[in-house]
Amino acid sequence: MTINQSGWRPEMGNAEGGGIAGTFTGNRGLMLEEALIFEIGDTATTGVDLADAPTVASRLGGLDRNREIGLPGLTEPEAMRHYPRLSRQNYAIDLGLFPLGSCTMKHNPRLNEKVARLPGFADLHPMQPIDTIQGALGVIDQLAHWLKTLTGMPAVSMSPKAGAHGELCGLLAIRSALEARGDPRAVILVPESAHGTNPATAAFCGYKVENIPATAAGRVDLAALEARLGPDVAAVMITNPNTCGLFEPDMKKIADAVHAVGAFVYCDGANFNAIVGRVRPGDLGIDAMHINLHKTFSTPHGGGGPGAGPVVFSEALAPFAPLPFVEQTDHGLVLVEEETAGEHHAQSFGRMVAFHGQMGMFTRALTYILSHGADGLRQVAEDAVLNANYILRSLDDLLDAPFGESGPCMHEALFSDNGFAEGFSTLDVAKGLIDEGFHPMTVYFPLVIHGAMLVEPAETESKASLDQFIGAFRSVVERAKAGDQALKSAPHFAPRRRLDETLAARKPVLVWKETQVAAAAE
Ligand SMILES: *Cc1c(COP(=O)(O)O)cnc(C)c1O
């Protein structure tokens with residue numbers, strides 16, 4: 001087999017398994033195939049004419065390159081086309097509804113991008129003198145003010161760079177507080193339905209992780225929790241709303257019971273988008289909670305960009321919060337970067353990051369908060385919950401909704417594979433949705449539900465787009481229930497069919513070698 005001009009190889013086409021026959025180019029209509037950049041063009045050519053370098057005596061001590069550098073050699077139009085072609089094979093919230101539960105793929109208003117790109121923010125350097133970055137410190141300080149106000153918590157640490165990083169920040173503060181009172185403890189309790197990052201963070205901090213069971217209604221089993229609480233428990237990590245898309249109504253009772261044994265309550269606030277403006281976690285007795293700015297206050301994330309995970313703290317934990325933080329003084333805003341004996345931050349556990357945090361995320365989040373206002377943010381939460389319940393009630397006649405009986409859900413709707421034809425699974429439905437033009441929902445999570453399907457529509461989706469998604473979902477589920485064999489080999493219309501995802505995860509091929517092309521061309 002040969003590589004043609006566009007780098008296409010016949011095996012790249014979508015004709016395997018007797019599917020639709022390949023075209024000459026491998027393109028399917030206006031959906032263009034694209035090879036790796038090393039496979040198109042020619043490493044011996046270059047798109048730029050460079051004058052020969054003058055001969056100079058080498059001062060590299062024998063470390064000169066002694067073989068071709070092997071960079072891809074493309075013309076300007078070839079290089080220019082490569083990236084848009086690849087990007088068209090991707091799926092994004094800018095293209096359609098992105099129903100990924102737990103991840104909250106929010107619409108990112110263009111206004112955010114405009115503000116984040118203002119030269120005064122975009123061109124800052126983290127090591128600029130403080131008096132030249134008063135505006136940026138003002139953004140951090142204002143955002144901190146709103147996060148404290150919205151959560152009803154007295155302190156916030158802005159520097160953690162993701163939700164999981166925020167969990168680490170919260171647990172390190174809890175550990176410092178316990179050590180400061182000479183009472184180090186060994187155990188962290190985590191509900192069965194928790195996001196994987198919760199037990200991972202606790203284990204990373206050196207704690208022993210123990211599960212708390214859930215009730216039939218998908219909530220923390222308060223009696224089981226109370227029975228386990230004791231002087232060895234450092235903290236309880238609870239997600240509220242939880243990863244079944246349900247509010248924990250016993251949160252205050254849980255917090256009271258945890259505090260009664262001298263332990264702390266960590267709340268995973270990744271789902272704050274469902275309650276922002278409606279509930280203040282501080283009123284529920286929470287000691288530390290991370291906020292995924294990229295889930296609650298827009299900003300693209302996942303493959304689309306970085307996140308930010310500020311952590312709000314109760315009075316009890318605030319003294320242990322990490323550096324740095326912004327403080328208002330008589331001479332303007334300053335960045336407190338070091339512990340000072342006798343000052344209120346003398347007990348800080350240290351720092352999480354080299355600089356101040358994700359400045360680009362801060363500008364986007366503050367823009368989002370200010371452009372929505374208090375009433376707008378409340379409506380964000382209400383619309384997120386409304387959209388998820390519309391999906392839940394439009395599908396629960398066809399699909400098993402494990403906690404559907406226990407009342408409305410919050411921002412995401414949970415279904416199981418119960419009732420599919422023999423041999424059909426959640427994975428088949430996910431792949432079938434790709435043929436319908438949708439990114440699949442979250443699958444096989446939370447683990448407490450067999451064949452879980454967790455659907456989260458952003459609050460910005462219109463009824464028309466929800467109806468289209470529901471129609472597609474119903475059609476695919478009906479095929480899974482009827483045992484339609486064609487669904488077993490979906491997707492049929494995507495650039496690739498079913499990939500060996502386990503092999504890709506276990507043995508990723510991350511380095512391109514010329515020999516791979518040679519082998520493939522055999
Ligand atoms: C997304 C998420 C996290 C982790 O947040 P990252 O920003 O991805 O590190 C933790 N818990 C829950 C419930 C989440 O949805």
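Being a predicted model, the structure only gives us computed values, none of them experimental. When a ligand or atom number is given, it counts from 1 through the structure's own listing order.
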Inset, instruction - Report the relative orientation of the aromatic rings in His372 and Tyr368; use parallel for angles under 30°, tilted for 30 to 60°, perpendicular for over 60°. - result: tilted
Legend entry - Side-chain heavy-atom pair Thr460, Lys106 within 4.5 angstrom cut-off: no
Legend entry - Tyr91 and His439 aromatic ring geometry - parallel, tilted or perpendicular at 30°/60° bounds: tilted
Inset, instruction - Would you mind reporting whether Tyr266 and Val236 have side-chain heavy atoms less than 4.5 Å apart? - result: no
Report each N/O pair between ligand 1 and the protein that falls under 3.5 Å, naming both atoms.
from, atom 1, to, atom 2, distance (Å)
ligand 1, 5 (O), Asn292, ND2, 2.9
ligand 1, 7 (O), Gly163, N, 2.7
ligand 1, 7 (O), Asn292, ND2, 3.1
ligand 1, 7 (O), His294, NE2, 2.8
ligand 1, 9 (O), Gly163, N, 3.2
ligand 1, 9 (O), Ala164, N, 2.8
ligand 1, 11 (N), Asp268, OD1, 3.3
ligand 1, 11 (N), Asp268, OD2, 2.5
ligand 1, 15 (O), Ser102, O, 2.7
ligand 1, 15 (O), Ser102, OG, 3.0
ligand 1, 15 (O), Lys295, NZ, 2.7

Which donor-acceptor pairs under 3.5 Å do the side chains of residues 109-116 make with protein atoms, sequence neighbours left out?
from, atom 1, to, atom 2, distance (Å)
Arg110, NH1, Asn108, O, 3.0
Arg110, NH2, Asp94, OD1, 3.4
Arg110, NH2, Asp94, OD2, 2.7
Asn112, ND2, Asn108, OD1, 2.9
Asn112, ND2, Ser298, OG, 2.7
Glu113, OE1, Arg117, NH1, 2.5
Glu113, OE1, Arg364, NH2, 2.9
Glu113, OE2, Asn108, ND2, 2.7
Glu113, OE2, Arg364, NE, 2.7

Inset, instruction - Determine whether the side chains of Asn273 and Glu456 contain a donor N or O and an acceptor N or O closer than 3.5 Å. - result: yes
